[in-house]
K.L.:
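Dropping the structure in here first, questions after.
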There are 2 protein chains.
Amino acid sequence: MIRLSTKGRYGARLMLNLAHHYKNGNEAVILKSVSDEEEISIRYLEQIVIPLKINRLVKSIRGAGGGYTLARHPSKIKLSEILHALEGSCCLVECVEDSDFCSRMGICATYEVWKKASDLLKDYFGNITLQDLIEISNRKNTKIKAKSKSKNN
Amino acid sequence: MIRLSTKGRYGARLMLNLAHHYKNGNEAVILKSVSDEEEISIRYLEQIVIPLKINRLVKSIRGAGGGYTLARHPSKIKLSEILHALEGSCCLVECVEDSDFCSRMGICATYEVWKKASDLLKDYFGNITLQDLIEISNRKNTKIKAKSKSKNN
DNA sequence: CTTATTTTAACATAAATATATAGAAATTAT
DNA sequence: ATAATTTCTATATATTTATGTTAAAATAAG
Ligand code: FES
Ligand code: FES
């Protein structure tokens, strides 16, 4: 019913990929490698990475040996920041952040509901960092490995 | 960052409008009146009301004197049902309900997060009925009246 | 120091989907 | 019959999603 745009979805995976390869902030990852690993069109990734750069979530290093790297340690980057950079606003409906959007705010009962739901999401995504995602990812992968191992034996 | 489509937004207001005029289920409201009161294009409302009818949330009465009315008492219609009817699925990303959508589900760490966020919303909207919205609306309006009265005195 | 290579950056375009409007046929009450 | 109203179908516009093409910057090699 509510759609996270592909930008937000792909952007989160792009950032998680950079986080996986994050060492000290100096080693850059080229988009081609993200594109291959995440199976997302490189042309589209190029567009998605721009707002991430503008919002200082990634650093770009041009030229040979260059690429992109996280601007900060994964534990210092919240999912809400990524989504905010990519989708502009952080709410289900425009009127929650732009009071001019809807002239009916004063009397609109649905507004209250969209507002609270937006806050729910904001809280949830505000408490998840890239580091958390890495840990979820690791847990998931070790589980898979364990599974396939027990199958083979 | 996450957008509730206009269908969902307008649909919720359409349903709330019908709820306001709900008597016993026999008195129909014409879309023109909803269109005027809610300031939504009548042509667009016509399209939005169809899935609501298919999902048996409203009843239509054709011909002169006809219109639309809620299929059940406002307290028996959940917001989640309305959104489900209008947006098809009830989740932030397709992969949550359609496992074929994303081939990476098994290893995708972001999936877990979208899934939990979807559940948060599902729970929230599943606990709000049209009756609740009516009450929110009434509280809001009496507040406004009280305010404008105190201004005039 | 010059040239070739790697990579980001910028711009343009195409395809798909969401949003919105328009017209007319079908149904019903009076 | 006539007027009111839903229902169906078509079309226009805007936005999102995705691909392609070229230019600019930085590095590496000779
Ligand atoms: S105030 Fe924007 S939908 Fe009600
Ligand atoms: S985004 Fe669909 S499984 Fe990760």
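Side chains included, hydrogens not; waters and symmetry mates left out as well; all remaining heavy atoms used. Reminder, nothing fancy here: chain letters follow the sequence lines and each chain counts from 1.
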K.L.:
Measuring only between side-chain heavy atoms, which start at C-beta, is B:Leu4 closer than 4.5 Å to B:Glu87?
P.N.:
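In short, these two side chains touch, coming nearer than 4.5 Å.
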K.L.:
Does any residue of residues 30-37 of chain B have a heavy atom under 4.0 Å from DNA chain D, and if so, which ones, in number order?
P.N.:
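The stretch gives B:Ile30, B:Leu31 as the residues lying under 4.0 Å from the strand, ordered by number.
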K.L.:
Any chance you could list the contact pattern along nucleotides 20-30 of chain C? Use B for base contacts, S for sugar-phosphate-only contacts and - for none, protein heavy atoms under 4.0 Å, 5' to 3'.
P.N.:
BBBBB-BBBS-
K.L.:
Using side-chain heavy atoms (C-beta onward) and a distance below 4.5 Å, is A:Thr6 in contact with A:Ile40?
P.N.:
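Side chain of A:Thr6 against side chain of A:Ile40, heavy atoms only: no contact under 4.5 Å found.
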K.L.:
Which residues pass the side chain to side chain contact (heavy atoms under 4.5 Å, CB included) test with A:Glu112, sequence neighbours left out?
P.N.:
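Residues passing side chain to side chain contact (heavy atoms under 4.5 Å, CB included) with A:Glu112: B:Ile136, B:Lys140.
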K.L.:
Give the rounded distance in Å between these two atoms: CG of B:Leu14 and C1' of D:dT6.
P.N.:
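So the two atoms are 14 Å apart, to the nearest Å.
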K.L.:
Taking side chain to side chain contact (heavy atoms under 4.5 Å, CB included) as the test, write out the residues that go with A:Ala19, two or more places apart.
P.N.:
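So A:Ala19 forms a side chain to side chain contact (heavy atoms under 4.5 Å, CB included) with A:Leu70, A:Pro74, A:Leu130, A:Ile134.
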K.L.:
With a 4.5 Å cut-off on side-chain heavy atoms, are B:Thr110 and A:Arg9 touching?
P.N.:
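Contact flag for A:Arg9/B:Thr110 side chains = no.
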K.L.:
Give, ordered by number, those residues of residues 48-58 of chain A having at least one heavy-atom distance below 4.0 Å to an atom of DNA chain C; if nothing qualifies, reply none.
P.N.:
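A:Lys53 - these, ordered by number, are the residues of the stretch whose heavy atoms sit under 4.0 Å from the strand.
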K.L.:
Could you give the CD-to-C1' distance, from B:Glu27 to D:dT5, as a whole number of Å?
P.N.:
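Interatomic distance, CD of B:Glu27 to C1' of D:dT5: 17 Å.
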K.L.:
How long is the line joining CD of A:Glu39 and P of D:dA18, in whole Å?
P.N.:
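After rounding, the gap between these two atoms is 14 Å.
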K.L.:
List the residues meeting side-chain hydrogen bond (donor to acceptor under 3.5 Å, both in side chains) with B:Gln131, not counting sequence neighbours, and say none if there are none.
P.N.:
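Here the qualifying residues are B:Glu135.
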K.L.:
I need the single residue from A:Ile82, A:Thr69, A:Val29, A:Leu52 that forms a side chain to side chain contact (heavy atoms under 4.5 Å, CB included) with A:Val58. Which is it?
P.N.:
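One option only clears the test, and that one is A:Leu52.
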K.L.:
C:dA9 P sits how many Å from A:Lys59 NZ, rounded?
P.N.:
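It works out to 14 Å between those atoms.
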K.L.:
If you round to the nearest 0.5 Å, how far is CG of A:Leu79 from CH2 of B:Trp114?
P.N.:
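Interatomic distance, B:Trp114 CH2 to A:Leu79 CG, rounded to 0.5 Å: 4.5 Å.
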K.L.:
Would you call A:Phe125 and A:Glu81 a side-chain contact if the rule is heavy atoms closer than 4.5 Å?
P.N.:
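The answer is no, as the side chains (C-beta and beyond) never meet within the 4.5 Å cut-off.
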K.L.:
Indicate whether any N or O donor in one side chain lies under 3.5 Å from an N or O acceptor in the other, for A:Thr129 and A:Asp132.
P.N.:
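Per modelled atom types, A:Thr129 and A:Asp132 side chains form a pair under 3.5 Å.
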